[in-house]
Amino acid sequence: GVVGWSPVSVVLADTTVDGVDITIGSLHIPSGVPDPQNSCTANLADSVKVRNGRELILCGDFNDLTDSEPMKILYDNGFQNAWTAVGFDWGGNMTCDVRNGVDCGVIDHFIHKGKMKWTAAGIIAESGEPLTDHSAIVAEINGSVKSSMKKIWKRDIQYPRRNIKK
């Protein structure tokens with residue numbers, strides 16, 4: 001069976017932007033490090049497929065580091081990580097346990113499968129007490145879509161951003 005807590009949460013939504021069909025998923029899954037081949041991440045790689053030529057974007061708390069064995073299973077199945085694609089320099093930043101300052105690394109990700117390409121990724125800086133135990137993250141993707149796609153990803157982000165790599 002699949003290792004980790006149960007149930008996990010993965011929510012998928014379909015949309016069309018400028019004639020490009022996109023499936024966007026938000027998730028929170030347990031770490032697969034103890035048993036990568038039987039992890040929720042491996043199950044995700046096998047079960048969430050690109051349908052009918054749709055672009056596929058998954059984002060959220062994977063509970064695994066960018067270069068972990070479970071994440072490599074996703075990469076081996078054609079997914080591209082935004083942090084890696086844009087050469088993001090973490091410079092000591094992390095995405096989890098930000099309230100306590102415990103360095104757990106980067107476990108929140110944007111991954112993509114399809115023709116579009118990641119063009120930017122970063123952390124949204126919060127002023128004052130963090131709203132959650134994870135940093136807010138942002139990524140920008142484009143490719144075969146028109147410039148209005150960029151506006152969707154940037155719209156409504158009013159916080160100052162740090163470490164945005166383009």
Side-chain angles (χ1 to χ4, degrees), residues 2 4 8-33 35-96 104-124 134-155 157 161-166:
V2 175
V8 300
S9 60
V10 179
V11 179
L12 299 173
D14 291 336
T15 189
T16 302
V17 178
D18 292 334
V20 177
D21 295 324
I22 304 169
T23 298
I24 301 172
S26 175
L27 58 83
H28 185 200
I29 59 176
S31 174
V33 170
D35 187 0
Q37 296 305 318
N38 292 307
S39 67
C40 288
T41 308
N43 187 48
L44 186 70
D46 289 337
S47 61
V48 179
K49 304 290 184 191
V50 175
R51 301 179 322 233
N52 302 325
R54 299 182 75 83
E55 299 288 319
L56 176 59
I57 299 169
L58 299 175
C59 54
D61 183 353
F62 287 78
N63 273 301
D64 282 313
L65 300 174
T66 303
D67 60 352
S68 69
E69 290 304 313
M71 292 302 290
K72 288 178 184 174
I73 292 170
L74 290 169
Y75 310 148
D76 290 345
N77 277 276
F79 285 93
Q80 180 186 48
N81 192 307
W83 308 125
T84 306
V86 302
F88 189 80
D89 177 10
W90 281 97
N93 288 308
M94 59 189 168
T95 63
C96 65
C104 58
V106 178
I107 63 171
D108 298 279
H109 304 281
F110 290 96
I111 63 171
H112 168 261
K113 193 173 192 177
K115 295 178 182 175
M116 296 190 304
K117 301 293 180 199
W118 295 112
T119 55
I123 299 173
I124 299 174
H134 288 251
S135 297
I137 59 175
V138 62
E140 179 180 277
I141 194 167
N142 70 5
S144 59
V145 296
K146 298 176 185 172
S147 61
S148 62
M149 180 68 173
K150 284 186 177 183
K151 292 177 188 167
I152 290 171
W153 289 99
K154 288 185 172 183
R155 186 184 67 208
I157 298 174
R161 294 180 283 172
R162 64 178 186 243
N163 293 337
I164 299 292
K165 171 88 178 189
K166 285 194 176 192

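For clarity, every value in this text was computed on a predicted model and none was experimentally measured. Just the heavy atoms: all of them, side chains too, but no hydrogens, waters or symmetry mates, feed the values below.
When every heavy atom of F110 is checked against every heavy atom of V138, the shortest pair comes out as CE1-C, 3.6 Å. Minimum heavy-atom separation, P36 to I73: O-CD1, 3.2 Å. Across V86 and A120, no two heavy atoms sit closer than the pair CG1-N, 3.5 Å. When every heavy atom of V33 is checked against every heavy atom of P70, the shortest pair comes out as N-CG, 3.6 Å. Nearest heavy-atom pair across M116 and I22 is CE-CD1, 4.2 Å. A139 approaches A82 most closely through the heavy-atom pair CB-CB, 4.2 Å.
For the side-chain contact (heavy atoms from CB on, under 4.5 Å) test, residues two or more places apart in sequence or in another chain that qualify with T84 are T66, N81. For D76, there are no side-chain contact (heavy atoms from CB on, under 4.5 Å) partners two or more places apart in sequence or in a different chain. Residues passing the salt bridge (charged side-chain N to carboxylate O under 4.0 Å, His left out) test with D46, sequence neighbours excluded: none. For S47, the side chain to side chain donor-acceptor pair (under 3.5 Å) criterion is met by no residue, not counting sequence neighbours. In this view, E69 and K72 satisfy the side chain to side chain donor-acceptor pair (under 3.5 Å) rule, not counting sequence neighbours. The side chain to side chain donor-acceptor pair (under 3.5 Å) test applied to D67 returns no partner, not counting sequence neighbours.
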Report the C-alpha separation of N63 and D108 in whole Å, then their side-chain angles, then the decisive distance to 0.1 Å, and conclude whether the side chain to side chain contact (heavy atoms under 4.5 Å, CB included) test is met.
CA-CA 7 Å; N63 273 301; D108 298 279; over 6 Å; no
Working note: L74 + N77, criterion side chain to side chain contact (heavy atoms under 4.5 Å, CB included); need CA distance, chi angles, decisive distance, verdict.
CA-CA 5 Å; L74 290 169; N77 277 276; 5.8 Å; no
Going through the checks in order, is the side chain to side chain contact (heavy atoms under 4.5 Å, CB included) test met by I111 and Q80?
CA-CA 5 Å; I111 63 171; Q80 180 186 48; over 6 Å; no
Can you list the steps and then say if H109 with M71 is a side chain to side chain contact (heavy atoms under 4.5 Å, CB included)?
CA-CA 10 Å; H109 304 281; M71 292 302 290; 3.7 Å; yes
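Without hydrogens or angle criteria, S39 side chain to A42 main chain gives a donor-acceptor distance under 3.5 Å. The backbone N or O of E140 lies less than 3.5 Å from a partner atom in the side chain of T119, making a donor-acceptor pair. Put simply, the side chain of K113 never gets that close to the backbone of L58: no donor and acceptor are under 3.5 Å apart.
Each of D21, I24, V20 was evaluated against R54; a single residue qualifies, D21, per the side chain to side chain contact (heavy atoms under 4.5 Å, CB included) test.
T23 contributes atom OG1, which lies 7.0 Å from atom CG of L12 (distance to the nearest 0.5 angstrom). To the nearest 0.5 Å, atom CG of residue N43 and atom CG of residue N38 are 9.5 Å apart.
In this structure, W83 and F88 have tilted ring planes: the angle between them lies in the 30° to 60° band.
A heavy-atom distance below 4.5 Å is found between the side chains of I107 and L65.
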